[in-house]
Structures are given as C-alpha cells and as structure tokens.
There are 2 protein chains.
Amino acid sequence: MKKIITEIRKEQIAQAALDTISVHGMKGLNIANVARKVGIVPSGIYRHFKSKEKILYAIFDLIKQKLLSNVALACEQTSDPIERLKRILSLHTQLILQNKSILRVFFSDDTYSGYLHRNETKYKIISDYLNKIVEIIQQGQANGQIRKDLDTQMLSVLFLGIIQPAAILGHLSNEQFDLTKHVGKAWEFFSESILAA
Amino acid sequence: MKKIITEIRKEQIAQAALDTISVHGMKGLNIANVARKVGIVPSGIYRHFKSKEKILYAIFDLIKQKLLSNVALACEQTSDPIERLKRILSLHTQLILQNKSILRVFFSDDTYSGYLHRNETKYKIISDYLNKIVEIIQQGQANGQIRKDLDTQMLSVLFLGIIQPAAILGHLSNEQFDLTKHVGKAWEFFSESILAA
DNA sequence: CTCCTATGTGAATTTATATTCACAATATAA
DNA sequence: TTATATTGTGAATATAAATTCACATAGGAG
C-alpha cells in the first residue's frame with residue numbers, strides 16, 4: 001500500500017479516467033475501473049476527488065490544454081495564417097485519432113438536469129478554441145490572403161465542420177470511414193475557397 | 001385502465017421516449033418517465049417492448065424516417081440540384097431545432113460494450129442520408145452546375161459540416177449560438193464555392 | 001523514535017433502474 | 001354470453017454504481 005501525494009494522484013486519476021473513456025466510453029467510466037487502473041481501491045479515489053463529477057472536470061481541463069497547445073504549436077511553427085490553419089487541422093486530426101476520449105467526452109449527451117454545468121464548460125472550451133481560429137482568419141484577412149467578405153465566425157465554425165462530422169463518422173463506423181483522407185480533401189477545397197482572388 | 005392494441009402503444013411509447021429525450025436527454029430516458037407519459041405503469045411497457053434497448057431502436061427508426069422524408073420532400077419540390085441541397089439544409093435545420101432529441105440520440109456516446117450495435121445503426125442511418133446527398137451532388141455535376149473536380153463524398157460530409165458543428169454549439173450554449181443564421185451564411189459560402197466556373 | 005496528518009482499505013449504505021412475475025381487468029371472437 | 005388472448009397492475013427482484021465511514025498504515029516533522 002504505497003502512498004502518493006494527492007497532487008500526483010489527481011493527475012494519475014484524471015489520466016486513468018481519460019484512458020477508460022477512450023476504451024469504454026462515458027458509460028464505462030466508473031470509479032471501480034479508474035481505481036483499478038491507478039492501483040488503489042475505489043474508496044481511495046475520494047481522498048483526491050470529492051466526486052466522480054469532479055474527475056470529469058479534471059478531464060475537461062486536460063482536453064482543453066491539449067486543444068490549445070495544438071493551436072499554440074501551430075502558431076509557433078509558422079506565421080502564415082493559411083499555413084497555421086492547415087497545421088492546426090493536421091494536429092487536431094492526429095489528436096482526435098490518438099485520443100478517442102475527446103470525441104467521447106464532447107459528444108456524450110449531457111442534457112440531464114444534474115449535469116447542467118457540463119455543457120457550459122464544454123461550450124467554453126470550444127468557444128475559446130474557435131476564438132483562436134477566428135484570430136488567425138482575421139490575420140489572413142488583414143494581410144490580404146483571405147477574402148474579406150466572409151464572416152470570420154462562420155468560417156471558424158465551418159473549419160470545425162471539416163473535421164467534426166468526419167470524426168463522428170469515423171467513430172460510428174469503427175474507423176471504417178477514413179478521417180485523414182477526408183480532412184485532406186476537405187481542406188484543399190476549403191482553403192482554396194477562402195483565398196482572396 | 002384502458003387497453004390499447006400493441007401496434008398503437010408501440011408508437012405512443014416510441015414517441016414518448018423521443019419526447020423524454022428531447023427534454024431530459026439520453027440519461028433521462030427511463031422506463032418510469034416513458035410509462036407515465038404514455039399513461040401506463042412501468043411494467044406495462046414490457047408488454048410492447050422486450051427491453052429499453054428495443055425502444056431505442058424504434059426511436060432510431062423514427063429519426064431515420066424524419067431525415068429521409070425531408071430529403072424526399074425537397075426532391076419533390078424542385079429538380080434543381082443546388083436548390084434541392086438548399087431546401088434539405090433548411091428542412092434539416094428546422095428538424096433539428098424542433099426535435100432536440102435527434103442531436104441527443106446521435107451525439108450520445110455509445111462506446112459501451114453493451115451498446116456495440118447502436119453505432120452501427122446510427123452509422124447506417126447517416127450513411128443512407130449522405131448517399132442521397134451524394135446523388136444530388138452528382139446530378140449537379142452531370143448537368144454542369146457543380147464543379148466536377150470535387151469529390152462527391154467529401155462534399156456530402158462537408159455539407160453535413162455546415163449544420164452539425166453549429167447544431168452542437170447551439171445545444172451546448174443553450175441556443176445562444178444562432179444556428180439558423182450560421183447555416184444561412186455557411187450555405188452562401190459553400191454553394192458559391194462548389195459552383196462550376 | 002514518536003506523533004500526526006495524509007492516504008489507503010474493506011465493508012456497508014444508498015440510490016436508481018431495469019426487469020420479472022403472479023394476478024387482474026379488458027376486449028373480442030365464437 | 002362466455003371463453004380466451006391481450007394488455008395493464010403492483011409488488012418483488014436484480015443489478016450496478018457512487019458514496020460514506022470506521023479503521024489501518026505510511027512517511028515526514030519534530
């Protein structure tokens with residue numbers, strides 16, 4: 001019975017929960033599974049998280065970090081707006097393929113009254129992400145690469161639309177649908193369509 | 001204790017379940033709620049459906065019908081491919097706004113091992129829908145309206161991307177995000193981009 | 001080394017649901 | 001009208017999980 005300080009345990013638990021969701025989905029996320037994966041007993045989880053719900057919020061945080069760090073990385077690699085978008089798309093595709101949990105977490109239905117707050121949190125994460133996209137698009141408009149007659153928010157949501165429905169199809173079809181190929185083609189079409197004449 | 005033949009009851013139950021999901025989400029879908037809404041006692045449900053899971057499949061069927069009848073309606077109204085796509089988009093937007101359950105059902109996470117088959121069914125429904133879209137796009141390519149260099153399947157998925165991410169944002173934000181407005185703008189951009197020169 | 005606090009344990013509790021079953025009431029055909 | 005199949009009822013059963021709690025122990029501070 002090894003003791004580990006709560007700071008570390010919290011990370012282990014959040015990661016274990018994320019992994020559990022990757023494999024077994026939201027419904028498969030239970031304290032017993034997480035505890036086993038961490039190597040402690042179910043009740044031990046409660047030394048570190050007040051409730052299962054709190055663990056979920058830790059997961060939200062992990063996902064948020066992953067998303068935003070992709071944006072940051074792409075922005076470091078290049079200053080060209082179009083190129084930035086392309087890299088974000090590529091990174092995002094990889095992220096989704098490697099972390100199935102992201103889809104599972106965001107596309108679970110949390111309409112339940114007890115989960116009121118989950119959707120707010122999800123919305124905030126996506127909004128923050130989209131705002132970054134909007135900024136990049138605006139840079140592209142400012143430097144004359146991207147058509148100025150297009151609404152930036154609309155484009156940012158459509159940008160999400162390049163990957164999201166395809167990711168869901170991939171998930172539903174057990175990866176029969178080729179996400180990477182779709183994103184490649186869709187980006188080609190999207191990027192040429194937003195270019196200034 | 002009014003008796004009603006199972007044929008009718010089944011429809012009542014499926015509809016009640018659909019309504020329940022609209023308001024309370026997938027997690028809020030329980031036999032007690034459905035039974036109360038139908039006006040019978042929980043155990044009575046089992047005279048008509050072998051299990052809760054079977055009810056869900058009845059719901060899948062309802063949704064499938066709604067989706068495909070929209071496509072059929074649009075195709076009756078006009079024979080112009082571009083116009084067809086536009087009407088489908090409009091009908092689909094209304095459908096989603098009026099039947100919140102569709103989002104809830106499709107965007108619930110059914111990775112759980114016991115629900116293996118759900119995703120197959122969902123995938124089949126979406127695939128059928130997308131195939132119709134592909135056909136319409138091909139008509140447009142055949143008559144010279146739509147660019148022939150674009151992959152039709154990619155376009156159909158992207159077409160879905162006009163509405164789907166936006167619908168999710170609307171849902172997550174408690175309808176703060178204006179779905180109708182987004183779809184209008186996005187369609188304008190999308191349709192002009194696919195037009196043959 | 002000895003306390004003291006943080007962490008881990010196992011059993012018990014609670015809650016929420018689906019599902020079953022024996023029995024009752026209805027409707028329909030004869 | 002009566003028999004029979006269908007549908008509805010209420011109580012009981014089964015199961016799955018989250019959560020609590022009293023107790024145990026590790027490990028650093030002093």
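Per chain, numbering begins at 1; letters A, B, ... match sequence-line order. Just so it is clear, the structure is predicted and the values come from calculations on it, not from any experiment.
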note: Arg36(B), atom CZ; dG8(D), atom C1'; distance rounded to Å ~ 17 Å
Under 3.5 Å donor-acceptor pairs involving side-chain atoms of residues 36-45 of chain A, not counting sequence neighbours:
from     : atom 1 : to       : atom 2 : distance (Å)
Arg36(A) : NH2    : Asn33(A) : OD1    : 3.1

For dA12(C), which nucleotide is its Watson-Crick or G-U wobble mate, given both distances must be under 3.5 Å?
dT19(D)
Please report the distance, rounded to the nearest Å, between CD1 in Ile45(A) and C1' in dG8(C).
11 Å
Kindly assign one of parallel, tilted or perpendicular to the pair Phe189(B) and Phe190(A), based on the angle between their ring planes and the thresholds 30° and 60°.
perpendicular
Quick one: are the ring centres of His92(A) and Phe159(A) less than 6.0 Å apart?
no
From Gln139(B), Glu135(B), Glu76(B), residue fulfilling side-chain hydrogen bond (donor to acceptor under 3.5 Å, both in side chains) relative to Arg84(B)
Gln139(B)
Taken to the nearest whole Å, CD1/Ile13(B) to P/dA18(C) is 13 Å
Take atom CD1 of Ile4(B) and atom P of dT7(D), then tell me their distance rounded to the nearest Å.
11 Å
Please report whether the ring centroid of His117(A) lies less than 6.0 Å from that of Phe60(A).
no
For each nucleotide in nucleotides 14-20 of chain D, reading 5' to 3', give B when a protein heavy atom comes within less than 4.0 Å of its base, S when such contact involves only the sugar-phosphate, and - otherwise.
---SSBB
Where protein sits on nucleotides 22-30 of chain D, one letter per nucleotide: B base, S sugar-phosphate only, - none, heavy atoms under 4.0 Å
BB-BB----
